[in-house]
Amino acid sequence: MSGPAWHEPTLATLTGRRFSDEHWLFEPKFDGVRAVGVRDTGTPKLYSRNRKEMNDSFPELVEALTTCGRQRFVVDGEIVAFDGRNTSFAALQPRIHLTDPRRARATGMTVYYYLFDLLYLDERDTTELPLRQRKTMLRDAFEFTDPVRYTTHRNTDGERYFRQACGRGWEGVIAKRADAAYHSGRSSDWLKFKCSQGQEFVIAGFTDPQGARLGFGALLLGYYENGRLRYAGKVGTGFDESLLGSLHAQLRDGEMPSSPFTDQVREPGAHWVSPSLIGQIEFTEWTRDGRLRHPRFSGLREDKNPTEVVRETPGNEDVTENR
DNA sequence: TTCCGACAGTGGGGTCGCAAT
DNA sequence: ATTGCGACCCCACTATCGGAA
């Protein structure tokens, strides 16, 4: 890199392993949009993970980067909006695609740019330096005033930090190897510890497969509320080929002509099945529209009656479970 | 030889922009 | 005015293949 220029960001690898290790440090996992900030003396640019320029969506962040005291730099961070105390992708979403900076500002949604890495400063490419050193340089290089913020990290006790993060309703924690150079693309030097949710859902339909897919595309999921079957969205991942085949056979046996849902489900070509199978589904959160976000299938549940399947909320936990 | 990482392909919710209806 | 579609954001997961160990 001869000057400050776009650099493909590091992507963290999901892991179920939690650990504490003196060679690793721990950061909050934000629920926002990844952004690489580049300035070569002129107007700073904000780029998405796929190198799409986002200046028009976040004009106040561009402005803040202009006045932060440095002429030539490349930084890595996350653009976030808050819903209460926590970062919220849903809150940010209406701004992401806006192409008119005046409209972006007019949304009234306050956004912040949390910086957590430094790739270039003044005349120097810093990507080969160890992470800890890059972070120190980053912290010292800029005047952090809203909406640009420095991302604080923990040096110790990653497991405890993870538990606290989940308790606060965060998305999770990113663990980073403290002595590693900056690596573009997917890397095992950065690991995601995700706080996940899961519960059972009734399977009440399925969609046709696309392309080379076998069996079915996705399962249509529901839960009972006051004796009526509410729609909770679809799940289309988590199956291997044999499960796609065997589940599809079971579903065909239970097919029925009309929708068992009380909600209108607009799903062209959907097949309806009598709600007797129950699936365990992992997901990140409920969306505003009552659908599952990032759902994945983790198995069939044989130990429950479909009518017992309800939407679980904090304080509405099934006391027979010990998750 | 076995294992691992990168990649392609399938699937999810949501939003905007634009063309077709 | 409404609807449908693609292109983006956020993703999870499986299958495959080639190179590293």
Side-chain angles (χ1 to χ4, degrees), chain A residues 8-16 29-36 46-54 56-58 78-81 83 86-101 103-104 106-107 109 111 170-172 174 183-198 201 203 205-221 231-245 247-248 263 265-270 279-299:
Chain A
E8 186 191 350
T10 308
L11 302 178
T13 302
L14 183 62
T15 178
K29 181 180 189 316
F30 298 114
D31 193 11
V33 173
R34 187 68 172 277
V36 176
L46 285 169
Y47 292 103
S48 78
R49 228 167 67 174
N50 296 324
R51 207 172 183 163
K52 188 181 169 257
E53 200 202 287
M54 303 189 290
D56 291 340
S57 304
F58 305 105
E78 184 105 350
I79 296 171
V80 306
D83 177 10
N86 294 326
T87 60
S88 164
F89 182 71
L92 189 62
Q93 218 164 6
R95 285 193 58 162
I96 294 175
H97 302 280
L98 294 182
T99 51
D100 178 352
R103 279 182 66 192
T107 58
M109 178 52 69
V111 297
W170 294 3
E171 264 231 319
I174 305 285
H183 178 278
S184 281
R186 193 72 61 189
S187 166
S188 52
D189 292 337
W190 290 19
L191 297 175
K192 264 185 284 194
F193 298 177
K194 287 196 74 167
C195 309
S196 193
Q197 302 191 55
F201 288 93
I203 301 168
F206 62 94
T207 61
D208 288 320
Q210 305 284 310
R213 173 84 161 209
L214 303 173
F216 60 90
L219 303 177
L220 308 181
L221 304 173
Y231 183 56
K234 295 178 281 187
V235 60
T237 193
F239 321 97
D240 61 21
E241 287 184 353
S242 75
L243 192 52
L244 283 169
L247 252 180
H248 184 227
D263 301 288
V265 179
R266 297 180 47 167
E267 197 56 58
Q280 173 71 25
I281 309 297
E282 305 302 316
F283 59 100
T284 50
E285 64 181 353
W286 289 91
T287 70
R288 186 163 40 91
D289 296 339
R291 306 291 173 82
L292 305 179
R293 183 171 173 220
H294 305 151
R296 59 270 186 196
F297 183 84
S298 74

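What you see is a predicted model, and the numbers here were worked out from it, not measured in a lab. Only heavy atoms go into these numbers, but all of them, side chains included; no hydrogens, no water, no symmetry mates. Throughout, protein chains are lettered first and strands after them, A, B, ... in sequence-line order, and every chain is numbered starting at 1.
The phosphate of C:dC11 has neither OP1 nor OP2 within less than 4.0 Å of any side-chain N or O from A:K194. For C:dC10, neither phosphate oxygen OP1 nor OP2 lies less than 4.0 angstrom from any side-chain nitrogen or oxygen of A:K29. Using a 4.0 Å cut-off, some side-chain N or O of A:R49 falls inside it from OP1 or OP2 of C:dC11.
Residues passing the side-chain hydrogen bond (donor to acceptor under 3.5 Å, both in side chains) test with A:Q93: none are found, sequence neighbours excluded. For the side-chain hydrogen bond (donor to acceptor under 3.5 Å, both in side chains) test, no residue two or more places apart in sequence or in another chain qualifies with A:D56. Under the rule for a ring pair (Phe, Tyr, Trp, His ring centres under 6.0 Å), the partners of A:Y231 that lie at least two apart in sequence or sit in another chain are A:F261. Taking the side-chain hydrogen bond (donor to acceptor under 3.5 Å, both in side chains) definition, one finds that A:D240 meets it with A:S242, sequence neighbours left out. Looking at residues two or more places apart in sequence or on another chain, you find a ring pair (Phe, Tyr, Trp, His ring centres under 6.0 Å) between A:H248 and A:F206. With sequence neighbours excluded, no residue satisfies side-chain hydrogen bond (donor to acceptor under 3.5 Å, both in side chains) with A:R291. Taking A:F239 as the reference, A:F216, A:F297 meet the ring pair (Phe, Tyr, Trp, His ring centres under 6.0 Å) condition, with sequence neighbours excluded.
Between A:E171 and A:K29, at least one side-chain nitrogen of the basic residue sits less than 4.0 Å from a carboxylate oxygen of the acidic one, meeting the salt-bridge criterion. One finds a salt bridge joining A:E285 and A:R293 here, because a Lys/Arg side-chain nitrogen approaches an Asp/Glu carboxylate oxygen to under 4.0 Å. With respect to the salt-bridge test (charged N to carboxylate O, under 4.0 angstrom), the residues A:K234 and A:E267 qualify.
Separating the CD1 atom of A:I174 from the C1' atom of C:dC11 is a distance of 13 Å, rounded to the nearest angstrom. If you measure from atom CG of A:L98 to atom P of B:dG17, you get 6 Å, rounded to the nearest angstrom. When the P atom of C:dT14 is taken as reference, atom CG of A:L214 falls 14 Å away, rounded to whole Å. To the nearest angstrom, P of C:dC9 lies 11 Å from CD1 of A:I79. The CZ-C1' distance, from A:R296 to C:dC10, rounds to 13 Å in whole Å. Atom CG in A:L92 sits roughly 12 Å away from atom P in C:dC11 (whole-Å rounding). The separation between A:E53 atom CD and C:dC9 atom C1' is 16 Å, rounded to whole Å.
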Contact letters for nucleotides 5-13 of chain B, in which S counts primed atoms plus P, OP1 and OP2 and B counts the base, heavy atoms under 4.0 Å: -S---SSBB
Per-nucleotide protein contact string for nucleotides 16-21 of chain C, where B marks a base within reach and S marks sugar-phosphate only (heavy atoms under 4.0 Å, - for neither): ------
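With a 4.5 Å cut-off on side-chain heavy atoms, A:V80 and A:L92 do not count as touching.
Rounded to 10 degrees, the angle between the two end axes of the helix from B:dA8-C:dT14 to B:dT21-C:dA1 is 30°, with five pairs used at each end.
Within 4.0 Å of A:R266, counting heavy atoms only, lie sugar-phosphate atoms of the nucleic acid but no base atom. Within 4.0 Å of A:G32, counting heavy atoms only, lie sugar-phosphate atoms of the nucleic acid but no base atom. Counting non-hydrogen atoms under 4.0 angstrom, A:F297 reaches nothing in the nucleic acid.
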Side-chain donor-acceptor pairs under 3.5 Å in residues 9-16 of chain A, sequence neighbours left out?
{"residue": "A:T10", "atom": "OG1", "partner": "A:H183", "partner atom": "O", "Å": "2.6"}
{"residue": "A:T13", "atom": "OG1", "partner": "A:S187", "partner atom": "O", "Å": "2.9"}
{"residue": "A:T15", "atom": "OG1", "partner": "A:R17", "partner atom": "N", "Å": "3.0"}

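Between the side chain of A:Q197 and the main chain of A:F283, no donor-acceptor pair closer than 3.5 Å is present. Under a 3.5 Å cut-off, the side chain of A:S88 and the backbone N or O of A:A81 do not form any donor-acceptor pair.
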What protein N or O atoms touch nucleotides 5-8 of chain C N or O atoms at under 3.5 angstrom, if any, and at what distances?
{"residue": "C:dC8", "atom": "O2", "partner": "A:H97", "partner atom": "NE2", "Å": "3.3"}

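The side chain of A:R34 lies closest to C:dC10 when the candidates are C:dT14, C:dC10, C:dA12.
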